[in-house]
Amino acid sequence: HGLALSPNNVHAVAGGADGGIRLLDVARNERSGTFVGHTAAVRCLAVFPDGATFISGGNDNAVRIWNTATRTLKFTLKGHRDRVRCVGLGPDGSVLSCSNDKTVRLWDLGTRKAAATLLGHKGPVLGAAATAAGYLSFGLDGTVRAWDAATHAERLRFEQKGGQVHAVAMMEGGRVVSGGDDG
């Protein structure tokens with residue numbers, strides 16, 4: 001399911017169908033710990049730049065924040081009404097998540113609540129990413145959407161001709177490339 005590598009390439013975290021997360025020692029090529037907390041498959045993971053904390057999202061609709069060193073759950077972010085499809089980090093350390101509930105949520109880790117919910121997708125949101133200007137999201141509704149960083153308003157919408165969007169990449173200069181059912 002989900003996989004993320006620490007910024008220093010020392011360890012990786014891998015999500016399982018059983019709701020468990022495995023901590024892997026990359027140099028030794030072995031499992032060095034297990035995290036338990038999700039009650040369904042873990043679909044997505046992201047590691048903070050310091051490598052000491054990571055985020056997970058899963059089919060139990062939860063986003064969880066973990067301490068890598070102590071191998072413990074720090075806290076759970078609740079708000080999604082369907083499975084979580086992606087988690088990510090903004091350049092400022094902010095946390096975002098997207099879900100089958102058609103939303104992208106931007107989380108305030110201090111209050112442990114959603115600071116903003118980006119609404120507009122007509123189907124499950126498969127992915128989201130932070131950019132210098134705001135956020136990008138894409139989903140099964142065949143759209144890529146750009147959101148303003150300050151107002152959280154939708155700035156641009158691109159429609160994929162012929163189907164769903166499955167991947168997005170940001171190029172230098174702010175150009176966006178998407179891939180979907182039609183290639």
Side-chain angles (χ1 to χ4, degrees), residues 1-7 10-26 30-90 93-130 135-141 143-145 147 164-168 180:
H1 286 87
L3 177 70
L5 190 61
S6 66
V10 170
H11 63 264
V13 285
D18 62 356
I21 301 169
R22 283 74 177 169
L23 180 66
L24 309 168
D25 183 314
V26 175
E30 64 186 25
R31 185 184 303 176
S32 59
T34 302
F35 298 83
V36 178
H38 282 282
T39 59
V42 177
R43 300 185 65 83
C44 47
L45 298 131
V47 181
F48 278 78
D50 66 4
T53 305
F54 72 91
I55 315 159
S56 62
N59 286 358
D60 59 1
N61 309 345
V63 175
R64 300 184 193 279
I65 311 294
W66 304 88
N67 182 306
T68 307
T70 62
R71 293 171 175 67
T72 57
L73 176 66
K74 291 172 101 173
F75 52 87
T76 302
L77 303 171
K78 296 180 182 176
H80 283 297
R81 295 182 316 275
D82 204 338
R83 73 177 82 174
V84 177
R85 300 295 292 252
C86 79
V87 293
L89 295 165
S94 60
V95 171
L96 61 91
S97 61
C98 66
S99 168
N100 276 8
D101 68 6
K102 307 175 191 173
T103 68
V104 176
R105 293 183 191 262
L106 311 175
W107 298 96
D108 180 325
L109 297 185
T111 65
R112 302 180 186 176
K113 297 195 182 307
T117 301
L118 309 181
L119 301 170
H121 282 281
K122 305 296 182 219
V125 183
L126 299 181
Y135 305 92
L136 288 175
S137 61
F138 62 92
L140 294 183
D141 62 358
T143 65
V144 176
R145 296 168 191 256
W147 309 87
Q164 303 166 343
V165 179
H166 296 283
V168 171

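Residue indices begin at 1 and follow the sequence shown.
Taking SG of C98 as the reference point, atom CG of L126 lies at 7.0 Å (rounded to 0.5 Å). How far CD1 of I65 is from CZ of F54: 9.5 Å, rounded to the nearest 0.5 Å. Going from atom CG of N59 over to atom CZ of R85 covers 8.0 Å, rounded to the nearest 0.5 Å. To the nearest 0.5 Å, the span separating CH2 on W147 from CG on L136 amounts to 11.0 Å. The distance from the CZ atom of R81 to the CG atom of D101 is 5.0 Å, given to the nearest 0.5 Å. Between the OG1 atom of T68 and the CG atom of D50 there is a distance of 8.0 Å, given to the nearest 0.5 Å.
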(request) Could you give me the CA-CA distance, side-chain angles and deciding distance for T117 and V104, then say whether side chain to side chain contact (heavy atoms under 4.5 Å, CB included) is met? (result) CA-CA 6 Å; T117 301; V104 176; over 6 Å; no
(request) Start with the C-alpha distance between F35 and L23, add both sets of side-chain angles, then the distance that settles side chain to side chain contact (heavy atoms under 4.5 Å, CB included), and finish with yes or no. (result) CA-CA 8 Å; F35 298 83; L23 180 66; 3.7 Å; yes
(message) Before you tell me yes or no, could you show the steps for C44 and V84 under side chain to side chain contact (heavy atoms under 4.5 Å, CB included), namely the whole-Å CA-CA distance, both residues' side-chain angles and the distance that decides it to 0.1 Å?
(response) CA-CA 8 Å; C44 47; V84 177; 4.0 Å; yes
(request) Start with the C-alpha distance between R31 and L24, add both sets of side-chain angles, then the distance that settles side chain to side chain contact (heavy atoms under 4.5 Å, CB included), and finish with yes or no. (result) CA-CA 4 Å; R31 185 184 303 176; L24 309 168; 4.2 Å; yes
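Shortest non-hydrogen contact noted between G90 and A130 is CA-CB, 3.4 Å. Across all non-hydrogen atoms, the minimal contact from K122 to D141 is N-OD2, 2.9 Å. Taking each heavy atom of A128 and C86 in turn, the nearest pair found is N-SG, 3.3 Å. Residues V42 and G19 approach most closely at CG2-O, 3.5 Å, considering heavy atoms. Of all the heavy atoms in A46 and G88, the pair that sits closest is CB-CA, 4.3 Å. In plain terms, the two heavy atoms of Y135 and S94 that are nearest each other are OH-OG, 4.1 Å.
Inter-residue side-chain proximity for L45 and I55 is flagged as unmet; no heavy-atom pair is nearer than 4.5 Å. Considering only heavy atoms from C-beta on, R112 comes within 4.5 Å of L77 through its side chain. Counting heavy atoms from C-beta outward, R71 and S32 have side chains that approach closer than 4.5 Å.
Test H38, K74, K78 against R64 for side chain to side chain contact (heavy atoms under 4.5 Å, CB included) and you get one pass: H38. Applying side chain to side chain contact (heavy atoms under 4.5 Å, CB included) to S137 and the options V125, V144, L96, T103 leaves one that passes, V125.
Between the side chains of H80 and S97, at least one donor-acceptor pair of N or O atoms lies under 3.5 Å.
At least one donor-acceptor pair under 3.5 Å links the side chain of S6 to the backbone N or O of H11. Using modelled atom types, one side-chain atom of N61 and one backbone atom of R83 make a donor-acceptor pair closer than 3.5 Å. The closest donor-acceptor contact from the side chain of N100 to the backbone of D82 lies at 3.5 Å or more, if one exists at all. No donor-acceptor distance shorter than 3.5 angstrom exists from the side chain of R43 to the backbone of A41, with no hydrogens or angles considered.
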